[in-house]
Amino acid sequence: MIQEDLLQRISARPDVFGGKPIIRDLRISVETILSLLAQGESPDAILSDYPGLEQADINACLAYAHAVIAHDRIDRIAVSG
């Protein structure tokens with residue numbers, strides 16, 4: 001999956017987590033997944049703890065973090081509300 005496709009899994013809604021980016025409207029924030037990865041949690045453990053989450057969602061979080069750090073355009077992030 002290319003980065004643009006992955007970023008379509010991320011959205012932001014003002015009424016959910018104060019507008020922080022979330023994954024596929026699951027009310028799981030990108031921040032939470034990145035924090036878990038940074039703490040050493042394996043993707044398999046994260047997927048086990050969050051039913052409905054897919055490996056591509058974790059990849060989307062990483063793609064989002066990369067886009068932010070690289071100052072890439074993230075206009076593919078859907079903002080609703």
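Owing to the predicted nature of the structure, the values given are computational and were not obtained by experimental measurement.
In summary, of the residues considered (Ile23, Leu26, Leu36), a side chain to side chain contact (heavy atoms under 4.5 Å, CB included) with Tyr50 occurs for Leu36 alone. Residue Ile28 forms a side chain to side chain contact (heavy atoms under 4.5 Å, CB included) with just one option from Leu53, Ile22, Asp57, and that option is Leu53.
Residues forming a side-chain hydrogen bond (donor to acceptor under 3.5 Å, both in side chains) with Ser35 (at least two apart in sequence, or on another chain): Gln39. Residues forming a side chain to side chain contact (heavy atoms under 4.5 Å, CB included) with Arg27 (at least two apart in sequence, or on another chain): Arg13, Val16, Phe17.
Among residues at least two apart or in separate chains, there is no salt bridge (Lys or Arg N to Asp or Glu O under 4.0 Å) pair with a member in residues 33-46. Among residues at least two apart or in separate chains, there is no salt bridge (Lys or Arg N to Asp or Glu O under 4.0 Å) pair with a member in residues 58-70. The salt bridge (Lys or Arg N to Asp or Glu O under 4.0 Å) contacts involving residues 31-40 comprise Lys20-Glu31, where partners must be two or more places apart or lie in separate chains.
Contact detail for Ala63 and Leu7: the closest heavy-atom pair is C-CD2, 4.0 Å. Gly52 approaches Arg24 most closely through the heavy-atom pair O-NH2, 2.6 Å. For the pair Ala12 and Gly19, the tightest heavy-atom approach, listed with the atom from each and the gap, is CB-O, 3.4 Å.
In this structure, the side chains of Leu47 and Ser42 stay at 4.5 Å or more apart for every pair of heavy atoms.
The structure places CG of Asn59 at 11.5 Å from CD1 of Ile33, a figure rounded to the nearest 0.5 Å. Note that CG of Leu6 is 9.0 Å distant from CG of Leu62, once rounded to the nearest 0.5 Å.
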After noting the C-alpha distance and the side-chain angles of His66 and Ile69, does the key distance pass the side-chain contact (heavy atoms from CB on, under 4.5 Å) rule? CA-CA 5 Å; His66 174 264; Ile69 290 170; 6.0 Å; no

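Remark: side-chain polar atoms of Arg9 are not paired, donor with acceptor, to backbone N or O of Cys61 under 3.5 angstrom. Asp49 places no side-chain N or O within donor-acceptor distance of the main-chain N or O of Ile46, the cut-off being under 3.5 Å.
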